[in-house]
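Convention: sequence-line order gives letters A, B, ...; per-chain numbering from 1. Bear in mind that the values here come from a model prediction, so they are computed numbers and not experimental data.
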Protein chains: 2
Amino acid sequence: MSIRESGATAARKGPLRQDTVVDTALALVNLGGLESLTMRRLSDTLGTQPPALYRVFPDKDALLDAMADAVLAGALGPLPEADWETRVHVLADRLRSALLRQRDGARIVGGAYTTRQPTLAIADSLLSAMGEAGFTEKAAMWAVTTVFSFILGEALEQQGRTDVDLEHVKATLPAQEYPHLARHPLPALLDFDARFAFGLQTIMAGLRAARAHRPPA
Amino acid sequence: MSIRESGATAARKGPLRQDTVVDTALALVNLGGLESLTMRRLSDTLGTQPPALYRVFPDKDALLDAMADAVLAGALGPLPEADWETRVHVLADRLRSALLRQRDGARIVGGAYTTRQPTLAIADSLLSAMGEAGFTEKAAMWAVTTVFSFILGEALEQQGRTDVDLEHVKATLPAQEYPHLARHPLPALLDFDARFAFGLQTIMAGLRAARAHRPPA
DNA sequence: ACCTGAACACCGTTCAAGT
DNA sequence: ACCTGAACACCGTTCAAGT
């Protein structure tokens with residue numbers, strides 16, 4: 001697969017724009033991972049010199065923040081008119097998908113600290129749902145962060161461990177030292193969809209139990 | 001605070017040992033953050049030349065893996081003889097403390113992928129507790145990963161956002177676009193202990209509800 | 001206004017050579 | 001066996017200069 005085919009290049013006319021730089025940067029990460037993203041390679045792909053980038057972003061961290069925003073923007077969209085639980089579920093699934101869609105998406109989002117449009121929009125939607133559930137104001141905030149931390153942690157694990165050879169681990173695992181691990185099905189660790197589904201359901205069940213019991217409208 | 005006072009130096013006799021290198025590296029991170037850790041600075045602090053490190057670790061990633069193990073080792077220790085819920089709770093608290101004790105601990109652990117002694121020991125203890133709770137084998141695995149992902153995500157957030165000026169966010173927050181955010185107490189986001197306590201309790205409640213209902217022994 | 005050329009102060013890593 | 005000296009191929013970032 002050439003760079004051109006996978007969209008890591010940008011035929012440009014006129015001055016360098018933020019979106020172009022961000023899109024190209026994300027495409028580069030998709031090709032070679034986050035550590036392969038350098039200002040030099042990026043400027044190369046854009047057909048400019050490194051200093052040209054510093055007219056668009058003050059430094060690499062600012063670029064990474066913008067990339068995080070772009071990744072999170074993938075989780076935006078209209079929500080179904082439904083009860084709070086299904087809305088949280090939908091938002092959680094979307095957030096996870098947005099992180100997984102981009103190579104190293106979780107690391108990009110987790111590393112950046114941005115409080116801009118997509119972050120705020122997602123947080124607001126989640127808060128809206130939690131408010132409806134009948135949490136106190138603080139509890140609603142913490143319900144949001146709980147869901148978010150779980151999603152981020154799971155995506156991080158999934159995108160991190162790409163080529164674990166579970167066979168090796170299983171083979172070299174000293175069964176008498178770790179009796180429970182030895183007795184459990186290690187491949188279940190790699191079934192990330194099931195992991196996520198289980199965890200999200202667990203958290204939802206916990207939230208259902210923890211919320212103040214308002215009479216349903 | 002000088003480097004010597006904070007333990008980032010090591011008077012050495014005899015050849016360079018793994019522990020010394022790892023301890024010094026962690027001390028350097030405590031001083032200046034993960035990005036300040038370079039092989040050159042590390043060798044400087046150890047009183048050697050950079051190539052000497054490559055006789056102890058094949059590359060920087062291997063060193064980071066060993067650092068992750070050392071951080072996780074902080075969560076080891078004897079467990080109280082108690083029901084599965086309190087054991088999970090104790091393990092979760094310890095794991096979080098171990099991550100927070102070391103600057104950038106969550107990033108070090110989240111970035112490494114090691115399946116060595118401390119990781120396995122912690123996983124085994126958690127699995128033991130989950131098994132007792134009456135989960136199926138797979139569900140027990142996923143219960144462990146759920147707790148772990150949440151802990152990692154929370155620690156990452158806490159260690160990442162060190163100097164957020166919530167005042168600024170609050171002040172510039174367009175209230176009509178994010179009505180729920182505007183109505184909720186943003187400072188609750190920085191009460192990381194309460195966030196964690198809420199989340200862990202939520203997950204525990206969810207696990208209690210989701211487990212197979214065996215008769216108590 | 002927007003970009004290039006050239007440089008600065010770093011990186012991780014390798015390799016020959018020293019003791 | 002263990003380490004040093006010197007180098008290679010990179011980094012992010014700055015700054016003068018070009019158009």
Taking CZ from A/Arg17 and P from C/dC3, how many angstroms apart are they, rounded to a whole number?
-> 12 Å
Length of the CG-C1' vector between A/Asp44 and C/dC3, whole Å | 15 Å
Of all the nucleotides listed (D/dC3, C/dC2, C/dT4), which has the minimum atom distance to the side chain of A/Pro15?
-> C/dC2
Contact residues, residues 57-66 of chain B to DNA chain D [heavy atom, < 4.0 Å] = none
With sequence neighbours left out, write down each residue that passes salt bridge (charged side-chain N to carboxylate O under 4.0 Å, His left out) with A/Arg94, or none if nothing qualifies.
-> none
B/Ala129 and B/Val88: which non-hydrogen atoms are nearest, and at how many Å?
-> CB-CG2, 3.6 Å
Among the nucleotides D/dC3, C/dT13, D/dT13, whichever has the atom closest to the side chain of B/Thr48 is D/dC3
Inter- and intrachain pairs under salt bridge (charged side-chain N to carboxylate O under 4.0 Å, His left out), touching residues 137-150 of chain A, at least two apart = none
Identify each atom pair where a protein N or O and an N or O of nucleotides 15-19 of chain C are less than 3.5 Å apart, giving names and distance.
none

For B/Gln49 and C/dC11, what is the distance between atoms CD and P respectively, to the nearest whole Å?
-> 14 Å
Within a strict 4.5 Å, meaning less than it, do heavy atoms of the A/Leu79 and A/Ser125 side chains meet?
-> yes
Which whole-number value in Å describes the distance from A/Leu28 CG to D/dC11 P?
-> 12 Å
Kindly write out the residues that satisfy side chain to side chain contact (heavy atoms under 4.5 Å, CB included) with A/Tyr54, not counting sequence neighbours, or none if the list is empty.
-> A/Met39
If you check the B/Tyr54 side chain, which of D/dT4, D/dT13, C/dT13 turns out closest?
-> C/dT13
Search all heavy atoms of B/Ala98 against all heavy atoms of B/Gly74 and return the closest pair with its distance.
-> CB-C, 3.8 Å
Looking at B/Asp193 and B/Arg96, does any basic side-chain N land under 4.0 Å from a carboxylate oxygen?
-> yes
Return the value, rounded to whole Å, for the distance between atom CG of B/Leu42 and atom P of C/dG12.
-> 9 Å
Represent DNA chain C in dot-bracket notation, 5' to 3'. Only Watson-Crick or G-U wobble pairs with both distances under 3.5 Å count; pseudoknot-style crossings use [ ] and interstrand partners use |.
-> ||.|||||...|||||.||
Is there side-chain contact between A/Val29 and A/Met67, with heavy atoms separated by less than 4.5 Å?
-> yes
Sorted by chain and number, sequence neighbours left out, side chain to side chain contact (heavy atoms under 4.5 Å, CB included) with B/Gln201 holds for none
Is there any salt bridge (charged side-chain N to carboxylate O under 4.0 Å, His left out) pair reaching into residues 39-57 of chain B, and which pairs are they, with sequence neighbours excluded?
-> none
Under 3.5 Å donor-acceptor pairs involving side-chain atoms of residues 104-115 of chain B, not counting sequence neighbours:
residue	atom	partner	partner atom	Å
B/Asp104	OD1	B/Arg107	NH1	3.4
B/Asp104	OD2	B/Leu34	N	2.7
B/Arg107	NH2	B/Glu35	OE1	2.9
B/Tyr113	OH	A/Asp163	OD1	3.4
B/Thr114	OG1	B/Asp69	OD1	3.1
B/Thr114	OG1	B/Asp69	OD2	3.4
B/Thr114	OG1	B/Arg116	N	3.3
B/Thr114	OG1	B/Arg116	NE	3.3

Where at least one partner belongs to residues 171-193 of chain B, residue pairs that pass ring-ring contact (aromatic ring centres under 6.0 Å, His included), sequence neighbours excluded = none
Which residues within residues 33-41 of chain A lie with some heavy atom under 4.0 Å of an atom in DNA chain C?
-> A/Arg40
Under 3.5 Å, which donor-acceptor pairs link side chains of residues 140-156 of chain A to any protein atom two or more places apart or in another chain?
residue	atom	partner	partner atom	Å
A/Trp142	NE1	B/Ala188	O	2.9
A/Thr145	OG1	A/Trp142	O	3.0
A/Thr146	OG1	A/Trp142	O	2.7
A/Ser149	OG	A/Thr145	O	3.1
A/Ser149	OG	B/Glu154	OE2	2.8
A/Glu154	OE1	A/Arg195	NE	3.2
A/Glu154	OE2	A/Arg195	NH2	3.3
A/Glu154	OE2	B/Ser149	OG	2.8

